[in-house]
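Below you'll find the structure, written out as structure tokens, and then a few comments.
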There are 2 protein chains.
Amino acid sequence: MAQESPTFSPLYRQIKSLILQALEAGEWRPGQSIPSEQELAMRFSVSQGTVRKAIDEMAAENLLVRRQGKGTFVASHSDPRAMFRFLRLVPDDDSIPQRESIPLECWRAKAGHEASRILAIEPGAPIMIVRRLLRFATTPVVVDEIYLPGEVFNGLTLEVLQSWRSSLYSLFESRFGLRMIRADEKIRAVAADKSTAEILDVAEGTPLLSVERVTYTYGDRPVEWRRGLYLTEAHYYHNELN
Amino acid sequence: MAQESPTFSPLYRQIKSLILQALEAGEWRPGQSIPSEQELAMRFSVSQGTVRKAIDEMAAENLLVRRQGKGTFVASHSDPRAMFRFLRLVPDDDSIPQRESIPLECWRAKAGHEASRILAIEPGAPIMIVRRLLRFATTPVVVDEIYLPGEVFNGLTLEVLQSWRSSLYSLFESRFGLRMIRADEKIRAVAADKSTAEILDVAEGTPLLSVERVTYTYGDRPVEWRRGLYLTEAHYYHNELN
DNA sequence: TAGTGGTCTAGACCACGCC
DNA sequence: GCGTGGTCTAGACCACTAA
């Protein structure tokens, strides 16, 4: 008969979005622990099991990290376990390489049509463009061109990038308070242009993986658009299908 | 003090592996429903909540599919919702294309060094090799070369392949009782060789995505090794990162 | 209306990390 | 020993599906 709840949302999802709000508001910082399940249950006046289910989902989405006996922590790109979480390039011998990010350029620009559409900002709005090289041990393997909304990344310079000894996303997190939650990648095969070929030390025309990534923060807000060119002669992009 | 349980396994995981066993033994067929949570709880003499947690995990792994009000079902590649579950190629305009699989060749061979290693069979053991073309609407987009253990795929012929009007994995499931659970892909950029270029109707040397996939059935047993060459001029390989 | 999965609760106990 | 997350239970009630 009567449609009771056209937008029925279970209690644990409401709790989840409350925790999300707190997270977004910066109530707990990346790497820090959030209150215990008991405390949260009291705070929201629900049972511990309901809080638990909310946290379960958020842990599955890599927003939180549970550690038995210790507590629940806000996920962080500064955590060694998650440092290159989004980089799927692996050496052919499946070793874990020493990665090194080498910033090449960093300049201001105005958002063109495509950048404004993808980053959901006004055309002509300020953006930052970063070019950088990624090396595995001493081998150059990836050239990235990264587009960032200038609004958010105010104060980003080549010097800042060069003085940072860790992953880009951990810099974004620490310096700009931006937490990268998830990303979408579009992968294609392309031929290396001259300048990329030089940087990667291969012949012009060498087939490369073009990896176009849009990265999102809380609320599915896009905050990074990057295009990486991956050299796959001694490495491969690894993907697991379920 | 005493190390109580070096290999502690919670009850719900034991239940999970019992359900897995039943699944593997073919007690319930793909697409069919398994017993209700209550029935399983009685059968295994545990609470409904414990069964629920076991099923939760299996649903997350795409082994089972829950449908509220109806029951829990064995996942199937014949289900339209999961038909091309492992194919990540998408048209640039993000439309959902009409896919068509065109078998080109199918022959017997003996496993070489690499095939035997990957499929975990004896070198020299019989294998089947299938070559096929995949079209989106009328556009050729993928050429696959597929290696299958002959032991399992006894009776596979080009005629069988040609008479099947659906996805390969649904054929494997229906005809050979083989259920593909998960897969690992290694992606590279390569240049099109002459014969592939002809089939895909592009110039020789065109950059293509090389997608090497190993597919596993229950118990992490590898049962398929394939290499696909994807044309990415009007399509892209989509990947979501979390 | 009956049966299924989905939610929510309350309480007991276990495993783990740390002091 | 204490606090944390992790497991297990039992029971009540809700939402969805199909007969």
Side-chain angles (χ1 to χ4, degrees), chain A residues 1-19 22-23 28 31-76 79-81, chain B residues 1-19 23 28 31-76 79 81:
Chain A
M1 275 330 114
Q3 199 170 341
E4 288 284 7
S5 45
T7 50
F8 168 72
S9 171
L11 190 50
Y12 75 86
R13 274 198 200 281
Q14 302 174 38
I15 302 304
K16 182 181 168 186
S17 78
L18 286 174
I19 297 175
L23 223 43
W28 314 298
Q32 288 184 340
S33 71
I34 70 171
S36 74
E37 296 179 351
Q38 276 300 350
E39 284 177 276
L40 290 170
M42 291 191 302
R43 166 165 165 181
F44 299 126
S45 303
V46 297
S47 79
Q48 194 219 11
T50 301
V51 170
R52 173 156 262 281
K53 187 144 190 189
I55 293 179
D56 275 345
E57 282 203 357
M58 298 176 74
E61 295 166 17
N62 290 311
L63 294 171
L64 299 174
V65 179
R66 293 171 165 295
R67 285 186 223 151
Q68 185 173 144
K70 297 181 72 172
T72 302
F73 298 78
V74 182
S76 168
D79 183 328
R81 278 162 290 198
Chain B
M1 278 323 121
Q3 198 169 344
E4 288 285 5
S5 44
T7 50
F8 169 72
S9 171
L11 190 49
Y12 75 86
R13 274 199 199 282
Q14 301 173 38
I15 302 304
K16 182 181 168 186
S17 78
L18 287 174
I19 297 175
L23 223 43
W28 316 296
Q32 289 183 340
S33 72
I34 69 172
S36 74
E37 297 179 351
Q38 277 299 351
E39 284 178 275
L40 290 171
M42 289 190 304
R43 167 164 163 181
F44 299 126
S45 304
V46 297
S47 78
Q48 194 219 11
T50 301
V51 169
R52 173 156 260 279
K53 187 144 191 189
I55 292 178
D56 275 345
E57 282 204 357
M58 298 176 74
E61 294 166 17
N62 290 309
L63 295 170
L64 298 174
V65 179
R66 293 169 165 295
R67 285 188 223 150
Q68 185 173 145
K70 297 181 73 172
T72 302
F73 298 78
V74 181
S76 168
D79 183 327
R81 276 162 289 198

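These values consider heavy atoms only, across backbone and side chains, with no hydrogens, waters or symmetry-generated copies. In what follows, chains carry the letters A, B, and so on, assigned in the order in which the sequence lines appear, proteins first and then strands, with residues in each chain numbered from 1.
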Has [X] got a side-chain N or O lying under 4.0 Å from the OP1 or OP2 atom of [N]?
X       : N     : value
A:Arg52 : D:dG6 : yes
B:Arg66 : C:dG6 : yes
B:Ser36 : C:dG3 : no
A:Lys70 : D:dG5 : no

To the nearest angstrom, how far is [X] atom [atom1] from [N] atom [atom2]?
X       : N      : atom1 : atom2 : answer
A:Glu37 : D:dT7  : CD    : C1'   : 12 Å
A:Phe73 : C:dC18 : CZ    : C1'   : 12 Å
A:Glu39 : D:dG3  : CD    : P     : 11 Å
B:Gln38 : C:dA2  : CD    : P     : 17 Å
B:Lys53 : C:dG6  : NZ    : C1'   : 16 Å
B:Met42 : C:dG3  : CE    : P     : 12 Å
B:Ile55 : C:dG6  : CD1   : C1'   : 12 Å
B:Asp56 : C:dG6  : CG    : C1'   : 10 Å

key: Any B:Trp28 side-chain heavy atom under 4.5 Å of B:Ile19 side chain   = yes

query = Would you say the side chain of A:Glu37 lies within less than 4.5 Å of the side chain of A:Met42, judging by non-hydrogen atoms?
reply = no

note = Sequence neighbours excluded, the answer for salt bridge (Lys or Arg N to Asp or Glu O under 4.0 Å) partners of B:Arg13 is B:Glu57

request  = May I ask you to check if A:Arg67 and A:Phe73 form a cation-pi contact, with NZ or CZ under 6.0 angstrom from the six-membered ring centre and within 45° of the axis?
outcome  = yes

inquiry  = Heavy atoms only, 4.0 Å cut-off, all strands: where does A:Thr72 land among base, sugar-phosphate and nothing?
reply    = sugar-phosphate

query = At under 4.0 Å between heavy atoms, what does B:Gln68 touch on the DNA or RNA strands: base, sugar-phosphate, or nothing?
reply = base

request  = List the steps, then state whether salt bridge (charged side-chain N to carboxylate O under 4.0 Å, His left out) holds for A:Asp56 with B:Lys53.
outcome  = CA-CA 12 Å; A:Asp56 275 345; B:Lys53 187 144 191 189; 5.6 Å; no

What does the list of N/O pairs under 3.5 Å between the protein and nucleotides 8-10 of chain D look like, with a distance for each?
| residue | atom | partner | partner atom | Å |
| --- | --- | --- | --- | --- |
| D:dC8 | OP1 | B:Leu11 | N | 2.2 |
| D:dC8 | OP2 | B:Leu11 | N | 3.2 |
| D:dC8 | OP2 | B:Tyr12 | N | 2.9 |
| D:dT9 | OP2 | B:Ser47 | N | 3.0 |
| D:dT9 | OP2 | B:Ser47 | OG | 2.9 |
| D:dT9 | OP2 | B:Thr50 | OG1 | 2.2 |

inquiry  = Using the side chain to side chain contact (heavy atoms under 4.5 Å, CB included) definition, which of the options B:Ile55, B:Ile15, B:Leu18 pairs with B:Leu40?
reply    = B:Ile55

task = Determine the minimum heavy-atom distance between A:Asn62 and A:Ala75, stating which atoms define it.
result = O-CB, 3.2 Å

